[in-house]
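Note: hydrogens, waters and symmetry copies are ignored here, and every other heavy atom, side chains too, is used. Not measured: the values here are computed from a predicted model. Note that ligands are numbered from 1 as they come in the structure, with each ligand's atoms numbered from 1 the same way.
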Amino acid sequence: MSVSRSGSGHHAAAAGGVALTSVRAGAGEPAARRQSRLTVLSGPSGVGKSTVAAELRRRSPDIWISVSVTTRSPRPGEVDGREYHFVDDREFDRMVSAGELLEWAEFAGNKYGTPRAPVQRRLAAGLPTLLEIDVAGARQVRRAMRDALLVFLAPPSWEELVRRLTCRGTEPPGVVARRLAAARQELAAAGEFDRTLVNTSVEYVCRQLVALVRNDL
Ligand code: 5GP
C-alpha cells in the first residue's frame, strides 16, 4: 500500500489557474519570480516544518502562511483556523470535487490540502506567500507553477528524524511507522527542490527562509 497519495492530474491542472497571476520563469530568474512570491516549504514529516512555520509567523507576520484543510484530528494545543482548518472526510471530498483546493495529498491515513482562493488573492496582490506541505503536494505545485520556489527542509541525520518522530508522543506506534516509511521516500526527493535547508536550528532555518521568501538570497 502506498503511504502517500495525492491529487490527480485533474487537480494539478486545475491548480494551473493560479499560474495566470504569475510570470513563468525558470529557476535562477529572481526578477521574474518576484512577481509570484510563492515559496513552498516541504520535507519529511517530523523534520520540523510546522515548528519553523510557527516561528516564522511570530517573527515575520507580513509573510502569509497558507492554512491547510485536513481530516486529521487536532493535536493538543492546535486551534481550528490557525494550524489547520479541521474538516471531516465529506467536506474534504466536497472541496476536492468543487476544485477549491490548489493541491492535496493523502498522508499516513489523513488528507491534507491547500485552499486555492486565499493563495490566489495573495499572489494577485504580489504578497509573499508560503505553503508548508508534503512532498507530493510540492510536486503538484511545481507542475502547475514553474516559478514557485521549492525549499526542502532536511533533518541533520536520519537518526535525528527517527528520534523526532518517535519522541513526539502525539501519534500511536502504527501511525509513527507509516510516517517513518513516508519519510524515507520523501528524503529521496530532495534533489527535485530548488534549495535545501538543513534544520540544525529553528532560528537559522527561519532567517534563511525569510530571505528566500523576500528574494534576498
Ligand atoms: P501533520 O499531520 O504532521 O500536521 O502533517 C503531516 C504532513 O502533511 C506534513 O508533511 C505536512 O507538511 C503535510 N501537509 C500539511 N498541510 C498540507 C497541505 O495542505 N497539502 C499537502 N500536500 N500536505 C500538507
Side-chain angles (χ1 to χ4, degrees), residues 2-8 11-12 14-15 18 38-57 64-87 91-93 95-96 100-120 122 129-145 148 150-155 161 164-172 174-190 192-193 197 199 205 209:
S2 81
V3 182
S4 170
R5 191 162 68 82
S6 61
S8 67
H11 304 106
V18 176
L38 180 68
T39 306
V40 176
L41 178 67
S42 194
S45 167
V47 74
K49 297 188 297 284
S50 53
T51 307
V52 168
E55 179 65 11
L56 201 80
R57 218 176 266 125
W64 182 77
I65 306 176
S66 163
V67 180
S68 299
V69 283
T70 183
T71 59
R72 159 166 92 57
S73 308
R75 293 183 183 130
E78 286 184 335
V79 176
D80 188 36
R82 188 178 66 188
E83 281 81 9
Y84 285 105
H85 300 289
F86 295 98
V87 299
E91 171 62 2
F92 194 97
D93 293 346
M95 294 180 85
V96 171
E100 291 177 15
L101 300 183
L102 175 63
E103 59 72 39
W104 69 274
E106 189 169 328
F107 184 89
N110 291 299
K111 294 174 189 163
Y112 299 82
T114 303
R116 178 196 303 279
V119 174
Q120 271 179 324
R122 254 72 180 194
T129 298
L130 183 73
L131 308 185
E132 184 254 283
I133 61 179
D134 79 341
V135 168
R139 287 189 180 120
Q140 291 173 55
V141 174
R142 165 64 90 215
R143 282 198 295 272
M145 306 175 70
L150 265 54
V151 180
F152 190 86
L153 190 60
L161 187 64
R164 287 186 196 181
L165 270 172
T166 46
C167 294
R168 190 147 70 179
T170 48
E171 272 89 20
V175 174
V176 172
R178 291 174 86 173
R179 282 177 180 249
L180 276 172
R184 261 189 203 288
Q185 291 178 11
E186 291 183 309
L187 271 180
E192 299 170 35
F193 285 72
L197 299 177
N199 194 5
V205 171
L209 198 57

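Between E186 and ligand 1, a contact under 3.5 Å exists for no N or O pair. Considering both main-chain and side-chain atoms, S68 comes within under 3.5 Å of ligand 1 through a nitrogen or oxygen pair. Of the N or O atoms in W104, none lie within a sub-3.5 Å distance of an N or O in ligand 1. For ligand 1, the polar-atom distance check finds an N/O of K49 within less than 3.5 Å of one of the ligand's N/O atoms.
Those atoms of ligand 1 with a heavy atom of G137 less than 4.0 angstrom away are 22 (N). Within the listing of ligand 1, atoms 1 (P), 2 (O), 3 (O), 4 (O) sit less than 4.0 angstrom from a heavy atom of R75. The contact set between ligand 1 and R72, taken as ligand atoms under 4.0 Å from a residue heavy atom, comprises 1 (P), 2 (O), 4 (O).
The side-chain heavy atoms of F107 and R178, taken from C-beta on, include no pair separated by under 4.5 Å. At a threshold of 4.5 Å between non-hydrogen side-chain atoms, the residues F92 and V69 count as touching. At least one side-chain heavy atom of N199 sits under 4.5 Å from a side-chain heavy atom of R164. Between L187 and P155 the shortest side-chain heavy-atom distance falls below 4.5 Å. By the 4.5 Å heavy-atom criterion applied to side chains, V52 and L197 are not counted as neighbours. Residues T114 and V141 are not in side-chain contact: their nearest non-hydrogen atoms beyond the backbone lie 4.5 Å or more apart.
Using a cutoff of 4.0 Å between basic side-chain nitrogens and carboxylate oxygens, R72 and E78 are scored as salt-bridged.
Among protein heavy atoms, the minimum distance from atom 13 (C) of ligand 1 is reached at D134 N, 3.6 Å. For atom 4 (O) of ligand 1, the closest non-hydrogen atom of the protein is Y84 OH, 2.5 Å. Here the heavy atom of the protein found nearest to atom 7 (C) of ligand 1 is F107 CD2, 3.9 Å. For atom 20 (N) of ligand 1, the nearest non-hydrogen atom of the protein is E103 OE2, 2.7 Å.
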Worksheet item: Taking it one step at a time, do I65 and L41 satisfy side chain to side chain contact (heavy atoms under 4.5 Å, CB included)?
Response: CA-CA 10 Å; I65 306 176; L41 178 67; over 6 Å; no
Practice prompt. Before giving the answer on side chain to side chain contact (heavy atoms under 4.5 Å, CB included), spell out for W104 and V96 the whole-Å C-alpha distance, their side-chain angles and the decisive distance to 0.1 Å.
Written response: CA-CA 8 Å; W104 69 274; V96 171; 3.7 Å; yes
Item to complete: Begin from the C-alpha positions of L150 and E192 and carry the test side chain to side chain contact (heavy atoms under 4.5 Å, CB included) through to its verdict.
Response: CA-CA 8 Å; L150 265 54; E192 299 170 35; over 6 Å; no
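For the ligand labelled ligand 1, residue G113 lies inside the 4.0 Å heavy-atom shell. Assignment of R179 to the shell around ligand 1 is supported, since a heavy atom sits closer than 4.0 Å.
Contacts between Y112 and ligand 1 below 4.0 angstrom, taking non-hydrogen atoms only, involve backbone and side chain alike. When non-hydrogen atoms are compared, ligand 1 lies under 4.0 Å from the backbone of E132 as well as from its side chain.
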